[in-house]
Amino acid sequence: MIDVKALESLSSASLAISQHRTHADVLQEVVDQAALCLPEFEHVSISLILPDRQLDTLAATTDLARELDRAQSEARGGPCVEAGRLDEVMLVDDARHEQRWPRYIEAALALGLRSQLGIKLSSDTRGAICLNLHSTTHDDLDAGSVGVAEHFAVHAALALGHARASDQLKTAVGTRTIIGTAIGIVMERYGLGQDQAFKYLVRLGSDQNRKLRVVAQELVQAKDDAARPSGSGDGTRSGATAARP
């Protein structure tokens, strides 16, 4: 059962996390707030579980949390890996008596691990994203601690989802702006209409086997460079030039 104090702590954590906007900032705030809400876990990380069961640590509160992630990655198994695969909370109540994942547990014990929780937060095209909660001081985790961790994970997953969507929107808007600017440059330079200018950029990217965004960025950057007092040349870069349409 989760007590009132724990619920208040979760509410404060959720508010703190929601005040951040970028995905990277939210990741770090999640692990920082987890350490505050769940003081029995001194070492917290968020990791991406890749298809080959290796871990990529996205954020961590301590170097030891990163070391424990590395141990799971090298062992290709552990609570975090299993949580990502099964979408279930993975509990190591006393690492000294844990029989699962022997390769990881051996390495983790050497690093001082005594108990651990692995909780899946979300998944995307790259793999599963999981919250790792490690303790080097507590052997026995009570049901209340596990319950708080599960509630915290729900808030964290929602915040990460919103931040990821926001980052994707910003990237999309930025890309559209760059491409629009490049279209304007081509229209002015070659006297083309908007559709013709866009098709020209698409053909240029295809001929050079490069993304449209990259071609557009180089074209815009070349024009900016040429406009500077110290600039020289004809305002184009070798990577973004082609025959006149």
Peer 1: May I ask you to decide if His43's main-chain N or O and His134's side chain share a donor-acceptor pair within less than 3.5 Å?
Peer 2: yes

Peer 1: Side chain to side chain donor-acceptor pair (under 3.5 Å) between His138 and Ser115: does it pass, once the steps are laid out?
Peer 2: CA-CA 6 Å; His138 291 74; Ser115 58; over 6 Å; no

Peer 1: Atom CG in Leu131, atom CD1 in Ile129: separation rounded to 0.5 Å?
Peer 2: 11.5 Å

Peer 1: Would you call Thr57 and Asn132 a side-chain contact if the rule is heavy atoms closer than 4.5 Å?
Peer 2: no

Peer 1: How long is the span from the CG atom in Leu58 to the CG atom in Leu121, to the nearest 0.5 Å?
Peer 2: 10.0 Å

Peer 1: Distance from Ser122 atom OG to Asp87 atom CG, nearest 0.5 Å?
Peer 2: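 Ser122 OG to Asp87 CG: 10.0 Å, rounded to 0.5 Å.
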
Peer 1: Where do Val220 and Ile185 come nearest, in terms of heavy atoms and distance?
Peer 2: CA-CD1, 3.9 Å

Peer 1: Between Ile119 and Phe152, is there a side-chain heavy-atom distance shorter than 4.5 Å?
Peer 2: no

Peer 1: Of the non-hydrogen atoms in Gln116 and Tyr104, which two are nearest, and what is the gap between them?
Peer 2: OE1-OH, 2.6 Å

Peer 1: Show, in sequence, the C-alpha distance, side-chain angles and deciding distance for Phe41 and Leu141, and conclude whether the side-chain contact (heavy atoms from CB on, under 4.5 Å) test is met.
Peer 2: CA-CA 10 Å; Phe41 298 104; Leu141 300 176; 3.7 Å; yes

Peer 1: What heavy-atom pair brings Thr61 and Val31 nearest, and what distance separates the two atoms?
Peer 2: CG2-O, 3.3 Å

Peer 1: Please name the residue in the list Asp25, Asp32, Val30 that meets the side-chain contact (heavy atoms from CB on, under 4.5 Å) test with Gln28.
Peer 2: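 Checked Asp25, Asp32, Val30 against Gln28; only one passes side-chain contact (heavy atoms from CB on, under 4.5 Å): Asp32.
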
Peer 1: To the nearest 0.5 Å, how far apart are CD in Gln196 and OH in Tyr200?
Peer 2: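 Result: 12.5 Å between the selected atoms.
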
Peer 1: After noting the C-alpha distance and the side-chain angles of Lys120 and Glu88, does the key distance pass the salt bridge (Lys or Arg N to Asp or Glu O under 4.0 Å) rule?
Peer 2: CA-CA 7 Å; Lys120 181 179 177 180; Glu88 296 179 3; over 6 Å; no

Peer 1: Same cluster or not: are Val215 and Leu192 linked, directly or through other Ile, Leu, Val, Met, Phe, Trp or Tyr residues, by side-chain heavy atoms under 4.5 angstrom apart?
Peer 2: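 Result: yes, single cluster for both.
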
Peer 1: Just so I know, are the side chains of Thr62 and Arg66 near enough to count as touching, which here means a heavy-atom distance under 4.5 Å?
Peer 2: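 No, every pair of side-chain atoms sits at 4.5 Å or beyond.
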
Peer 1: Measuring from atom CG of Asp69 to atom CD of Gln54, what distance do you get when rounded to the nearest 0.5 angstrom?
Peer 2: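 If we round to the nearest 0.5 Å, Asp69:CG and Gln54:CD are 12.0 Å apart.
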
Peer 1: When hydrophobic residues are tied together by side-chain contacts of less than 4.5 Å, even through go-betweens, does Met90 share a cluster with Ile46?
Peer 2: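 No, it is not one cluster - the side chains of Met90 and Ile46 are not joined through contacts under 4.5 Å.
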
Peer 1: Should Trp101 and Ile49 be regarded as members of a common hydrophobic cluster, given that ILVMFWY residues are connected when their side-chain heavy atoms come within less than 4.5 Å of each other, either directly or indirectly?
Peer 2: no

Peer 1: Do you reckon Val26 sits in the same ILVMFWY cluster as Leu48, going by side-chain contacts under 4.5 Å, direct or chained?
Peer 2: yes

Peer 1: Please confirm whether the backbone N or O of Arg210 pairs with a side-chain atom of Gln208, one donor and one acceptor, at under 3.5 Å?
Peer 2: no

Peer 1: Could you check whether any side-chain heavy atom of Leu55 comes within less than 4.5 Å of a side-chain heavy atom of Leu50, counting everything from C-beta outward?
Peer 2: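 Heavy-atom side-chain distance check fails, nothing below 4.5 Å.
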
Peer 1: Minimum heavy-atom separation for Leu91 to Leu117, with atom names?
Peer 2: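 Residues Leu91 and Leu117, closest heavy atoms: CD1-CD2, 3.6 Å.
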
Peer 1: Distance-only check: which donor-acceptor pairs under 3.5 Å involve side-chain atoms of residues 74-83, not counting sequence neighbours?
Peer 2:
{"residue": "Arg76", "atom": "NE", "partner": "Asp52", "partner atom": "O", "Å": "3.1"}
{"residue": "Arg76", "atom": "NH1", "partner": "Ser73", "partner atom": "O", "Å": "3.2"}
{"residue": "Glu82", "atom": "OE2", "partner": "Arg85", "partner atom": "NH2", "Å": "2.7"}

Peer 1: Could you pull out the closest heavy-atom pair between Val44 and Ala65, with the gap in Å?
Peer 2: O-CB, 3.6 Å

Peer 1: Among all residues two or more places apart in sequence or in another chain, which pass the side chain to side chain contact (heavy atoms under 4.5 Å, CB included) test with Thr137?
Peer 2: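 Only Glu42, Ser135 meet the side chain to side chain contact (heavy atoms under 4.5 Å, CB included) criterion with Thr137.
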
Peer 1: Specify the closest pair of heavy atoms between Ala95 and Ile105, including all atoms of both residues, with the distance to one decimal.
Peer 2: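 Closest pair (atom of Ala95, atom of Ile105, distance): O-CG2, 3.5 Å.
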
Peer 1: Is there a path of hydrophobic side-chain contacts, each under 4.5 Å between heavy atoms of I/L/V/M/F/W/Y residues, joining Tyr190 to Ile183?
Peer 2: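 Same cluster: Ile183 reaches Tyr190 through Ile, Leu, Val, Met, Phe, Trp or Tyr contacts under 4.5 Å.
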
Peer 1: OG of Ser47 to CG of Asp56: how many Å apart, nearest 0.5 Å?
Peer 2: 8.0 Å

